[in-house]
Structures are given as structure tokens and as C-alpha cells.
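What follows is a set of notes on a single structure, which appears directly below.
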2 protein chains.
Amino acid sequence: MNWSDVEIFLAIVREGTLGGAARRLGLTQPTMGRRLKAFEATLGQMLFQRTPDGFVLTDEGTAILVHAERMEEEALALRRALVGQERQLEGALRLSSSDWFGAHMLSPVLAEFSLQHPKVLVELVTDSRLLNLSRREADLVFRIAPFTEPDVISRKLIHIEYGLYAADGSEHPNLGDGAGARLVTMDEAFGGMPDVAWLKRALPKADVAMRSNNREVQATLCARGAGLAVLPRPLGDTVAGIERVDIGEAPPGRDTWVGYHRDLKRLARLRALLDLVIERLVN
Amino acid sequence: MNWSDVEIFLAIVREGTLGGAARRLGLTQPTMGRRLKAFEATLGQMLFQRTPDGFVLTDEGTAILVHAERMEEEALALRRALVGQERQLEGALRLSSSDWFGAHMLSPVLAEFSLQHPKVLVELVTDSRLLNLSRREADLVFRIAPFTEPDVISRKLIHIEYGLYAADGSEHPNLGDGAGARLVTMDEAFGGMPDVAWLKRALPKADVAMRSNNREVQATLCARGAGLAVLPRPLGDTVAGIERVDIGEAPPGRDTWVGYHRDLKRLARLRALLDLVIERLVN
DNA sequence: CGAACGCCAAACGAAAATGCATGGATATCG
DNA sequence: CGATATCCATGCATTTTCGTTTGGCGTTCG
């Protein structure tokens with residue numbers, strides 16, 4: 001049995017097509033077909049049913065899936081074990097945060113860190129989807145919710161105040177009413193966020209004018225007069241063309257958390273960056 | 001990272017040399033060297049120290065060893081999961097037992113089974129070393145001690161009586177003495193066996209003439225006049241040229257156990273053979 | 001209803017991995 | 001001390017694997 005074929009098996013399970021699996025692994029579709037055929041031959045079992053809409057697992061394929069996934073777990077852990085041992089202050093560091101947090105909170109710290117440790121290549125990915133620390137899609141993740149994944153070391157970073165903002169000189173709404181006002185809010189997928197709920201309660205009669213999952217975009221929309229927006233104060237207070245509106249009650253603030261995988265605990269460059277971040281943001 | 005390289009890494013760890021690892025995997029020494037070099041390159045770490053007496057793990061190699069072993073565990077479990085699902089009464093079955101048990105107890109049953117299920121290829125390995133059920137070095141193991149390994153299903157099969165045997169017509173010793181008698185016993189490595197201890201106590205003044213780890217050999221030596229031997233009665237009672245000696249106290253008997261891996265519980269051919277064995281030996 | 005796009009399978013040539021043979025270094029044994 | 005065995009590294013021929021390309025099929029969209 002060729003262990004590499006297990007990796008291919010997993011890719012096909014997840015993508016459902018040979019082409020998709022090939023793209024995921026950086027190989028080609030004919031290769032995937034051949035490797036799968038060879039794998040099935042050595043096992044003496046058909047692992048997938050070839051259906052019009054892709055490859056779906058047979059009972060036999062389902063039976064081995066859990067083992068294949070555990071093999072992958074260990075393969076990933078193996079790589080982490082090595083990375084975690086690196087003691088030199090060089091190499092790559094991959095961070096993840098929300099857009100505005102990266103731009104307004106992290107950027108200054110990262111610039112300073114980059115000067116201090118020129119051999120460390122820092123990569124900041126601002127993406128709303130959650131990157132997987134176990135797969136090492138990121139080494140260090142900043143987010144506004146605590147971490148629940150196992151094997152992740154996390155700590156609360158700072159409390160972020162939020163504020164209601166409007167374009168400079170525009171009319172201010174009244175708490176509990178908001179008739180005639182227009183709102184810029186988070187994307188529908190983020191409807192559960194506290195500030196969205198607060199808006200609904202504080203300005204129940206206001207209409208939603210636009211949505212975006214990007215706080216920067218919301219701020220810009222707000223400045224151009226599209227409507228009122230709830231923004232993190234570190235962002236809102238620095239954007240030109242908008243001013244904070246006090247309607248007697250502030251939107252709820254949020255805690256920011258930072259987390260990394262336990263296996264990277266001894267990674268010197270990660271430690272150094274985290275120390276600087278805490279130094280600059282917490283103290 | 002090529003998952004197959006992990007398998008090669010493990011082989012080199014266990015053999016200590018490239019050549020040995022190559023033989024184990026059915027590859028060649030240059031291939032092992034090149035694959036290892038490539039593996040170390042992709043990980044960016046040296047995994048082995050090249051010493052005069054072989055390849056020994058570095059700290060980094062030690063760090064990933066546990067993960068590599070767990071990957072192997074899952075690879076083996078993956079194969080078992082498929083084999084364990086086979087419902088047809090065909091394929092191979094690998095058994096393991098002690099020599100005399102295989103020859104005198106199992107052979108008749110296996111012959112009958114082979115006639116009943118001609119498409120099942122039964123392979124009986126009589127080997128004193130313990131085969132590993134997890135690695136599927138054997139599907140079904142008979143032994144005289146309970147199973148302690150995890151994930152092994154076992155049951156007590158039969159109680160085997162032992163007896164003291166001597167060549168036909170030779171002199172019989174006295175309990176508690178044995179002066180002048182010569183003994184044929186188990187190999188030194190098996191010194192802890194109950195029958196060896198019993199001999200020491202029952203015939204303290206007798207000398208050990210010969211040793212063997214093979215009960216058949218012991219029986220033959222006994223028949224040729226080399227000395228007294230403690231043998232399982234199913235063996236001793238059927239060997240020509242020896243007779244059982246009653247010195248007033250019989251050597252201790254032993255329980256025989258049979259075990260197989262949990263993953264093979266639903267393997268039809270294994271179930272069929274085990275049922276027949278129980279039918280013929282227990283009832 | 002035709003064009004375009006996705007999928008997979010098969011054929012072919014290029015690239016990579018493998019095995020074989022060799023050489024050098026070191027330990028073992030007669 | 002020479003002969004032998006075992007080990008690893010290297011060069012070369014061969015096999016295997018891979019990527020590219022092509023063709024066939026079904027679905028989707030204009």
C-alpha cells in the first residue's frame with residue numbers, strides 16, 4: 001500500500017471530483033484517476049461509486065475514511081512538531097485577523113516587528129472565514145470570539161469599544177426610534193453579531209441601506225453618506241469624513257482573542273511577535 | 001510532504017541501516033538514501049545522525065517518531081477495516097500456534113476445514129515468537145497465555161494436561177529425588193514455564209541433559225533415550241517409543257487461548273474456522 | 001437549440017524515480 | 001595482516017510515473 005494514495009483518497013472524498021482533488025493537491029486529473037485506480041486495486045475494494053455528479057464513497061470507502069483522516073491528523077502533527085522546534089528568528093509567520101483589525105491595530109505592530117526581525121517573513125491574511133490552526137492554515141489567529149478548538153492556546157487580548165458613526169454634519173437619530181435613518185450593517189451571514197442586534201433595538205425604525213462583511217467598506221460607505229454604521233472605535237475614530245454619534249447609549253464592545261496551536265508554543269519567532277503584540281496593544 | 005516517505009523513515013529507524021530498511025520494504029539501498037534525503041529536505045531538518053554504526057535519530061527525528069508511528073497504526077487499521085468486512089468464504093487465513101499444538105491439535109481440524117471451504121487458503125505458522133495481531137502478522141493466534149494486547153478478542157479454548165514421559169522400558173525416578181535421571185527441558189529462554197519449575201521441584205537431583213524450544217524435538221529426544229521430558233499429553237500419548245511415568249504427582253496443566261483482532265470480528269472465513277475449532281476441540 | 005463548460009477516460013511523450021553496478025570506507029574474522 | 005563482509009554514495013540504464021492533449025459525454029446557459 002502506498003501511503004501517498006491515502007492523501008489522494010482524502011482529496012477525492014472532499015472534492016467529489018478528480019479535477020477538484022487534483023487542483024487541491026497540485027496534481028492533474030489523469031493522475032488522480034490513475035492513483036485512485038491503483039489504490040483500489042491494491043486494497044482489492046472499490047472505494048467510490050462513479051455517479052453522474054461525482055465520486056461518492058462506497059461502504060468500504062466509508063469504512064476506511066476515519067483511518068485516512070487520522071493518518072492526515074498525524075501527518076499534520078508531524079510537520080507541526082518540527083516547526084515548533086525552530087529556535088531561530090527567521091522563517092515565515094502566517095497571521096489571520098479581520099480586515100479592520102489587521103489594518104488599524106496590527107499593521108503598526110507588524111511594521112515594527114518586521115524592522116526588528118528582518119529575517120522573519122510575516123504574512124497577514126484578512127479573511128472572515130475561520131482558518132484552521134491544526135492544518136496550519138495560519139500560525140496565529142486574531143478573532144472576536146474565544147477559541148474552542150482543542151490543542152489551541154489562546155488568551156484575551158484587548159477589549160474593543162464600538163461606536164455609532166455618521167457622515168460629518170449629517171442628522172443624528174434618536175435612541176429607540178431612528179425613523180428616516182439609513183443603516184450600513186454587516187453581511188447577512190453575520191446577523192448574529194451583537195452590534196447588529198443593538199442597532200435593531202436602538203434604532204428600530206431605521207432602514208438597512210447596505211450591507212458588507214467588511215468594516216472598512218462600511219466606514220467608507222458611511223463617509224459617503226450611505227447611512228449610519230456601527231464601527232470599532234479604533235477604526236471609526238481614524239476614518240476621515242465620519243463622526244461618532246452619541247445617542248445616549250453606546251453599542252456593546254467586544255473582546256479580541258488571539259490563539260495559536262500548542263505545538264507551536266516553542267516557535268521563537270511566534271513568541272517574539274506575540275510578545276510585541278501584547279506589549280503594544282495590551283499595555 | 002510525501003506520506004510514503006514516512007514509511008521509509010520508520011523502516012530506517014527500526015533497522016538502523018539503509019540496506020536493512022530497503023530489504024524490509026522490498027526496495028533498494030540507493031532508493032532509501034535518496035528518499036530519506038528528499039524527506040529531510042522537504043522538512044528542512046536532519047532526521048538522522050550518520051554514525052559509524054548506522055543511522056540514529058536526531059532530536060528532530062525523535063520528535064516526529066511518535067507521529068510517524070501513529071500514522072502507521074492508522075495505515076494498518078485501514079487495511080484491517082477492509083479485510084474485516086469481507087463476507088465471502090474465500091481468501092487467506094494466517095494462523096499461529098506452537099509447534100506441537102499445530103501438529104497434533106489443529107492439523108486435523110484444519111484438514112477438515114480445508115475440505116469444507118476449498119477457496120480459503122489456510123496458512124499455519126508455528127513459531128515461538130509472538131506474532132502481532134495489530135500488524136496482521138497473523139489473523140488467529142493460539143497460545144498458552146491470556147491475551148493482554150488491546151483490541152484483541154480472545155477466549156479460553158481448552159485445558160491441556162501435561163505428563164512426565166520416559167523412553168519405553170526405562171527406569172522410573174522417584175518424586176522428590178531424581179538422582180541419576182537425565183532431563184530434556186525447554187529452552188533456557190522459557191525457563192519461567194510452570195512445567196520447568198515443576199521438574200525442578202519434583203526431581204531436584206536430576207541433571208538437564210538437553211534443551212529445546214520444540215516439544216516435538218523433546219519428545220523425539222525422549223524416545224531415543226536422552227532423558228525424561230514433560231510433554232503435553234495430546235502429544236506425549238501419541239508419540240511412539242515413550243510412555244507416561246506416574247511418580248505420584250502430575251505436572252501442572254495449562255490453558256490454551258485463542259485470540260484475533262477486533263477489526264476481524266466480521267470476517268466470515270475467520271468466524272467459520274473458529275467455530276469449527278471450538279466445535280472439535282472444546283466440545 | 002446550439003455553444004460552452006464541466007466532468008472522466010485514453011494515448012503519447014517527457015520527466016522522475018528506481019534498480020543495478022561500482023567504488024571507497026570501515027569493521028570482522030581467520 | 002590480508003580476505004571478507006557490510007555499509008553508504010555515485011553514475012548510468014531502465015522502468016515507472018506524470019503532464020499534456022485529445023475525445024466523448026452530460027449539463028447549463030444564452
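Just so it is clear, the structure is predicted and the values come from calculations on it, not from any experiment.
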In the 5'-to-3' direction, what one-character label does each nucleotide of nucleotides 11-28 of chain D receive under the scheme B = base within less than 4.0 Å of a protein heavy atom, S = sugar-phosphate only, - = no such atom? B------BBBB-------
Only counting residues at least two apart or in another chain, list the ones meeting salt bridge (Lys or Arg N to Asp or Glu O under 4.0 Å) with E69(B).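 By the salt bridge (Lys or Arg N to Asp or Glu O under 4.0 Å) rule, E69(B) matches no residue at all.
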With sequence neighbours excluded, what pairs up with E149(A) under the salt bridge (Lys or Arg N to Asp or Glu O under 4.0 Å) test?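 Result, salt bridge (Lys or Arg N to Asp or Glu O under 4.0 Å) vs E149(A): R143(A).
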Near DNA chain D, counting only heavy atoms under 4.0 Å, which residues of residues 1-23 of chain B show up?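 The stretch gives T17(B), L18(B), G19(B), R23(B) as the residues lying under 4.0 Å from the strand, ordered by number.
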Is there any salt bridge (Lys or Arg N to Asp or Glu O under 4.0 Å) pair reaching into residues 1-13 of chain A, and which pairs are they, with sequence neighbours excluded?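 The answer is D5(A)-R35(A).
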Roughly how many Å is it from CZ in F48(B) to P in dA9(D), rounded to a whole number?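 Taking atom P of dA9(D) as the reference, CZ of F48(B) is at 12 Å.
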Sequence neighbours excluded, every pair satisfying ring pair (Phe, Tyr, Trp, His ring centres under 6.0 Å) that has a member inside residues 12-35 of chain A: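 Not a single pair qualifies under ring pair (Phe, Tyr, Trp, His ring centres under 6.0 Å).
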Output yes when a side-chain donor or acceptor of R80(A) lies under 3.5 Å from a complementary backbone atom of S134(A), and no otherwise.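 Such a contact is found between R80(A) side chain and S134(A) backbone.
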According to side-chain hydrogen bond (donor to acceptor under 3.5 Å, both in side chains), who are the partners of [X], at least two apart in sequence or on a separate chain?
X       : result
Q85(A)  : none
R262(A) : D151(A)
R70(A)  : E74(B)

Which pairs would a plain distance check flag for residues 37-44 of chain B, meaning a side-chain donor or acceptor within less than 3.5 Å of a matching protein atom at least two apart in sequence or in another chain?
residue: E40(B); atom: OE1; partner: R50(B); partner atom: NH1; Å: 3.4
residue: E40(B); atom: OE1; partner: R50(B); partner atom: NH2; Å: 3.2
residue: E40(B); atom: OE2; partner: L47(B); partner atom: N; Å: 2.8
residue: E40(B); atom: OE2; partner: F48(B); partner atom: N; Å: 3.3
residue: E40(B); atom: OE2; partner: R50(B); partner atom: NH1; Å: 3.2
residue: T42(B); atom: OG1; partner: F39(B); partner atom: O; Å: 2.9

Listed by chain and number, what are the side chain to side chain contact (heavy atoms under 4.5 Å, CB included) partners of Q29(A), not counting sequence neighbours?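 Applying side chain to side chain contact (heavy atoms under 4.5 Å, CB included) to Q29(A) gives L18(A).
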Under 4.0 Å from a heavy atom of chain B: give me the 5'-most and 3'-most nucleotides of DNA chain C that qualify.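 Result: dT18(C) to dA21(C).
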